[in-house]
Amino acid sequence: MLVTLFVVFIIMLVLGVPIAFSMGLASTASLLVGMPTGMITIPSKIFGGLDSFSLMAVPFFILAGTLMDVSGVSRKLIRFAEMLVGFVHGGIAMVAVVASVIFAGISGSASADTAAIGAVMIPTMTEKGYEKGFSACLIAAAGTIGPVIPPSLLMILYSSATGLSVGTLFMAGILPGLLMAACLLVICYLYARKHPEVDESGTGRVGGREALHITLEALPAVLMPVIIVGGILTGIFTATEAAAVACVYAIAIGVATRELNFKKIWDALASSAKTSAQLMLIVGVATLLGWILSKEQFPQLAADFLVSLTNSKIIITLLIMALLLIVGCFMETIAALVILVPVLYPIGVAFGFDPVHFAMLIVITLLIGSITPPVGILLYISSGMAKIRFTESLKYVTPFIVALLVSALLVAYIPQITLLVPSLLGYGG
């Protein structure tokens with residue numbers, strides 16, 4: 001069954017079949033070959049993968065991020081970020097990173113973060129003299145912060161697959177997300193030093209009254225992640241309930257600022273429904289594939305193979321990260337996460353990893369694949385916004401991959417980066 005599963009899956013990917021259908025066809029083919037009577041379980045396994053209270057948070061957070069975007073919040077956040085760091089050398093590029101960090105606390109999605117910030121920042125950076133390829137790569141790399149800083153769609157999916165606390169995973173992402181941002185800020189500074197033709201004169205320099213106006217405009221959006229995280233921390237609501245609260249809050253802001261009308265709300269609902277359906281289809285079919293892998297004891301076989309290679313935790317960490325980087329290059333992050341977590345989680349337990357630390361290692365390393373060829377979905381999004389070919393942006397992407405890889409290695413080998421905030425707030429795995 002395993003041979004059929006992997007062969008059909010790889011063939012489907014090579015042929016360009018969408019990932020959800022590739023997984024579904026591969027799973028069906030393997031059951032036909034190895035366990036025909038198991039065909040009857042396909043609907044129940046797919047439904048079972050979606051029958052989770054925590055997964056209800058996913059469409060709500062997607063909707064909240066969409067509502068915030070159509071309400072013009074991204075523009076206000078970018079102006080706020082520009083006030084904070086725009087005057088620094090390389091400030092315009094740094095604005096994109098800081099704005100992505102703030103927007104990450106709203107959307108929880110890498111694609112949403114990339115699209116919302118890129119729509120405003122890429123034209124601005126181009127006007128200031130930044131190369132379009134560099135701008136596209138920066139926006140895509142900054143987009144990877146979206147699923148790390150809470151709220152995070154990937155953390156919700158990870159929690160659903162392992163039973164770990166969503167709140168703990170949310171808290172664990174704060175410092176790693178800020179570390180990723182810091183590494184990207186260094187790249188921005190070095191680029192500006194190397195390219196004196198970049199014109200940033202007057203950027204970010206505002207008077208006291210204007211600064212107050214900008215801050216007040218951005219304050220409702222900045223408060224959203226505070227409300228979400230604060231509500232979860234204090235036990236006022238669960239992560240799923242927090243997602244619903246975020247939607248109500250987003251609508252309230254949009255209506256109060258007169259940026260949101262019925263048409264925009266309807267368009268946001270339609271867009272969010274489409275995105276949520278695509279995501280949930282991937283999760284459901286990946287659950288079926290994961291069940292087949294588990295039934296065939298693939299996680300145990302993989303763990304035994306790694307143990308036979310070495311018993312060093314340091315080497316195992318490198319091997320797991322190498323696997324995640326390779327898979328991330330060829331598979332969409334959400335699908336890769338849902339498939340690999342049931343396989344890798346037992347390995348992490350066997351080698352004594354803290355489960356929350358191990359979760360962050362997997363998520364951050366997989367996200368690097370979203371800016372690497374041949375898939376690189378975030379780089380495709382930002383390249384399209386910059387109106388350049390995907391291949392044209394690739395010559396600028398190496399420093400960003402290195403920066404994110406450095407942050408992933410630091411998270412992997414310094415567990416305190418992940419565990420400090422949850423431990424200070426009294427969260428356990």
Side-chain angles (χ1 to χ4, degrees), residues 2 49 52 54 144 147-148 150 152-177 179-180 283 286-287 289-329 331 333-369 404-405 407-423 427-429:
L2 285 177
S52 166
S54 60
T144 62
V148 179
S152 165
L153 302 185
L154 291 184
M155 300 303 177
I156 294 171
L157 294 175
Y158 198 102
S159 168
S160 178
T162 62
L164 291 175
S165 162
V166 175
T168 304
L169 292 173
F170 275 10
M171 297 306 102
I174 294 175
L175 288 184
L179 174 63
M180 293 165 69
V283 172
T287 302
L289 190 148
W291 172 72
I292 295 172
L293 291 176
S294 177
K295 185 173 180 59
E296 293 299 299
Q297 297 186 321
F298 183 74
Q300 291 78 7
L301 294 173
D304 292 343
F305 174 71
L306 289 177
V307 170
S308 69
L309 294 177
T310 179
N311 59 2
S312 168
K313 191 174 180 179
I314 295 175
I315 302 300
I316 286 296
T317 301
L318 286 175
L319 290 174
I320 290 174
M321 292 182 73
L323 171 65
L324 292 169
L325 287 170
I326 293 170
V327 171
C329 287
M331 192 179 296
T333 306
I334 291 172
L337 182 81
V338 178
I339 292 173
L340 289 177
V341 168
V343 176
L344 295 179
Y345 187 72
I347 296 175
V349 172
F351 279 89
F353 284 90
D354 180 277
V356 176
H357 172 228
F358 194 65
M360 204 57 54
L361 184 159
I362 290 177
V363 169
I364 293 178
T365 308
L366 269 180
L367 281 167
I368 297 175
L404 293 178
L405 189 56
S407 62
L409 287 169
L410 289 172
V411 167
Y413 288 106
I414 308 177
Q416 290 77 11
I417 295 174
T418 295
L419 302 176
L420 178 62
V421 174
S423 64
Y427 272 78

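As a basis for the values below, the full set of heavy atoms in this structure was taken, side chains included, without hydrogen atoms, waters or symmetry mates. These numbers were taken from a predicted model, which means no experiment stands behind them.
- D354 is not listed as a side-chain neighbour of T418, based on a closest heavy-atom distance of 4.5 Å or more.
- Looking only at distances, no side-chain donor or acceptor of S160 sits under 3.5 Å from a matching main-chain atom of I156.
- Within the 4.5 Å cutoff, side-chain heavy atoms of L325 are placed close to those of L405.
- The closest side-chain heavy-atom distance from L2 to L293 is below 4.5 Å.
- A pairwise comparison of heavy atoms in T310 and S312 identifies OG1-N, 3.0 Å as the closest pair.
- For the pair V166 and F170, the minimum side-chain heavy-atom distance is below 4.5 Å.
- For the pair P176 and I364, the minimum side-chain heavy-atom distance is below 4.5 Å.
- Counting only heavy atoms from C-beta outward, the side chains of P150 and I174 approach each other to under 4.5 Å.
- Interatomic distance, OG of S165 versus CE of M171, reported as 9.0 Å (0.5 Å rounding).
- Between the side chain of H357 and the backbone N or O of Q416 there is no donor-acceptor pair closer than 3.5 Å.
- More than 12 heavy atoms of other residues, nucleotides or ligands sit less than 6.0 Å from atom NZ of K313.
- Of all non-hydrogen atoms in V148 and M180, the two that sit nearest each other are CG2-SD, 3.8 Å.
- Between the side chain of S159 and the main chain of M155, no donor-acceptor pair closer than 3.5 Å is present.
- The shortest distance between side-chain heavy atoms of I362 and L324 falls below 4.5 Å.
- When all heavy atoms of A161 and V341 are compared, the pair lying nearest together is CB-CG1, 4.0 Å.
- The aromatic rings of F358 and F353 sit tilted relative to each other, their planes meeting at an angle between 30° and 60°.
- Crowding of L309 atom CG: a count of heavy atoms from other residues, nucleotides or ligands under 6.0 Å exceeding 12.
- V356 places a side-chain heavy atom less than 4.5 Å from the side chain of L169.
- The shortest non-hydrogen separation linking T168 to P422 is O-CG, 4.0 Å.
- For Y158 against L337, the heavy-atom pair with the smallest separation is CD1-CD1, 3.9 Å.
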